[in-house]
Amino acid sequence: MKKMIAVLKASKDLFLVQSAAILLYRRMSTISILKLDGLRKLPLSTQTFAPYSELQKQKILESHIVSILHGCTTLNQLKQVHAHIYCKGLDQCCYVVTKLIRMLIKMDVPVHWYPHLVFRQVKNPNPFLWTVLIWGYGVQGPFSESVHLYSCMRKKGVGPVSFTFSALFKACGAVLDACLGSQVHAQTILIGGFASDLYVGNTMIDMYVKCGLLDCGRKVFDEMAERDVISWTELIAAYTRSGDMKSAGDLFDGLPIKDMVAWTAMVNGYSQNAMPKKALEFFERMQDAGIAIDEVTLAGVISACAQLGASNHANWIRDIAESSRFRPANNVVVGSALIDMYSKCGNVEEAYKVFLSMKERNVFSYSSMIVGFAMHGLAHEAIKLFFDMLKTEVKPNHVTFVGVLSACSHVGMVDQGRQLFSVMEKCYGVVPTADHYACMADLLGRAGYLEEALKIVETMPMKPNGAVWGALLGASLIHKNPDVAEITASHLFELEPDSIGNYILLCKTYASVGRWDDVSRVRKLMRGRKLKKDPGCSWVEVKNGIIQEFLAGDATHPQTREIREALEDLVERLKATGYQPNMGSVPYDVSDEEKKRILMTHSEKLALAYGLLNTAAGSIIKIMKNLRICEDCHSVMCGASKITERKIVVRDNMRFHHFIEGVCSCGNFW
DNA sequence: TTAGGGTTAG
């Protein structure tokens, strides 16, 4: 650096010095301006200006100041440069002032304060200067100010530039005002020339999409004279967000040059739409195409692996992340995604290791870890982490509270949950949403306070959603309360008429108290609505990361006989320790013998037997299930963990159960 | 000036 300055100082060529200085300022953005002061003064000396006209000197000065502005990293530096701008008599130069305002806004200085003040001091603002302010309000709000400024600008007879419309669309998108957006759209056509501008088109697509008018966005796209990869990607992402992967895929196929962002939009689209296998397939195609990846790609793929819940996928993507530039310890996005993934793959210990290794943690990292602990029934750990978080600068958000409340719910910590719920808004500024009421309904309901839960639901300030009533219905089954179940189910059948799970919960609740007539009435209702029960389905991980799937009653596996024998043998040994089949887990009015037979074909039992046969002695057995584990299977898992001396981890659709030496981490409370 | 983003519940 010193050498370079010496060479530059010795140089007589002003343009050489100038361009080198600009390069230096841009590249060494962290170097304080003062350090480079000697260099900054150099080209401004009277001597070196000699061969240039006044106008040229002015232009050089302007571009010089702008390059210094670009190098600023703190507000103080900007203030210093601002003072310098005054000294040099450039405070009326729109070009320089525009750049100053832009930098101020980028540093989150409130637009209405410093930037707007600087703007007011310019006597004849040009369109760019007007626009940068419009853009500033479009970024920070109040967004109405963007529109107001635009009309002021027009009243003063200043014509817009294309950036003016981009800025306006940004503001309309931010307030989801499609009506205003289409008025601005009309202006772009009326004034002429702007509607065909690439930037304007792209921001217009973005605005329509944000306002939920995907078709309008598509129309703009179809009519654009010129498109770039950004136009395509905007629309692809919009389709993925709306769940239309078909249209997203069609567009993607037609995209002439696909860059990393476009590929990532597809990978993450599949991941967000619960198609994790497709996401991984696409990711591999992306890698085969030699496209680089970044933290956003990794986050999506990691989320897909989390959904699959299998250790082999987890280890595979962990290796990729570790060997990339975005290592979990150094990257808060990748780190947080990994915490979630390990929790969902049943390895909460590894999730916590990742959490501890992270140099920076944000609300995603904390919330993911809290939710992870909650999922595994580690409520005390979740709550401790929550209070640790409060000691940092990271503020809890609505997800963090869902995490702590569900942690309380999973272990029956009613008082702690009530306390947190009562202070979440007052002390932490998080306004309870329907999700939080669902957690409360779950917490109180599970713990047996069904009436109190019902009261909360009936008096909550917003309309209860499916999750809220669903929580109550689940609790009604646990506590065998068909009266509350009937009330909740009637709401659920309206809100979610096609959701089979609600009908089944109601049936099971009736069955639990022997009201078989009601059971058949609900079944008839289901048949009338053409609803079919989801078959129970379990997966078990065996050697080399192979995953075996079993449906309830499955007799298609080549090892079926061995599986059945192993299961019968296991149950016999369990009976010797006091186990009795739980007939209440079969919601059918059939004989006890038939109930026993049905119990033996539950998918998680088949998976367990297969796991025992096909994994090494002493290793952990990991099972995933699409539905909630039934009570009978739960007690079989408990017993099996003791007599086979195996740790068994079951992930059902609610949470994780860790069975160790005859005890489940859920404390039989799930 | 414009694109892709990780955590939530029955």
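Letters A, B, ... are given to chains in the order of the sequence lines, protein chains preceding strands, and every chain is numbered from 1. In this text, all values refer to a predicted model and were calculated from it rather than measured experimentally. Side chains are part of it too, since the values below use all heavy atoms of this structure and drop only hydrogens, waters and symmetry mates.
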Margin query: Under 6.0 Å from the ring centre and within 45 degrees of the ring axis: does the NZ or CZ of A:Lys258 meet both conditions for the six-membered ring of A:Phe252?
Written below: yes
Margin query: Test: salt bridge (charged side-chain N to carboxylate O under 4.0 Å, His left out). Region: residues 442-455 of chain A. Which pairs qualify, not counting sequence neighbours?
Written below: A:Arg418-A:Glu452, A:Asp442-A:Arg446
Next item on the list: Report yes if some heavy atom in the side chain of A:Val348 is under 4.5 Å from a heavy atom in the side chain of A:Tyr342; otherwise report no.
Entry: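 Sidechains of A:Tyr342 and A:Val348: no contact.
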Hey, does [X] reach any base, or is it just sugar-phosphate, or nothing, if we go heavy atoms under 4.0 Å?
| X | value |
| --- | --- |
| A:Arg446 | sugar-phosphate |
| A:Arg102 | sugar-phosphate |
| A:Gly466 | base |
| A:Asn653 | nothing |
| A:Asp435 | base |
| A:Val371 | sugar-phosphate |
| A:Ser336 | base |
| A:Thr297 | base |
| A:Val468 | nothing |
| A:Arg227 | nothing |

Item checked: Outermost nucleotides of DNA chain B that come under 4.0 Å of a non-hydrogen atom of chain A -> B:dT1 to B:dG10
Item checked: OG on A:Ser476 to NZ on A:Lys508, rounded to 0.5 Å -> 14.0 Å
Next item on the list: Measure across A:Tyr150 and A:Pro160 and return the closest heavy-atom pair with its distance rounded to 0.1 Å.
Entry: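 So the two residues come closest at CE1-CB, 4.2 Å.
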Margin query: With no hydrogens and no angle check, just 3.5 Å: does a side-chain donor-acceptor pair link A:His436 and A:Thr433?
Written below: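 Result is yes, a qualifying pair exists.
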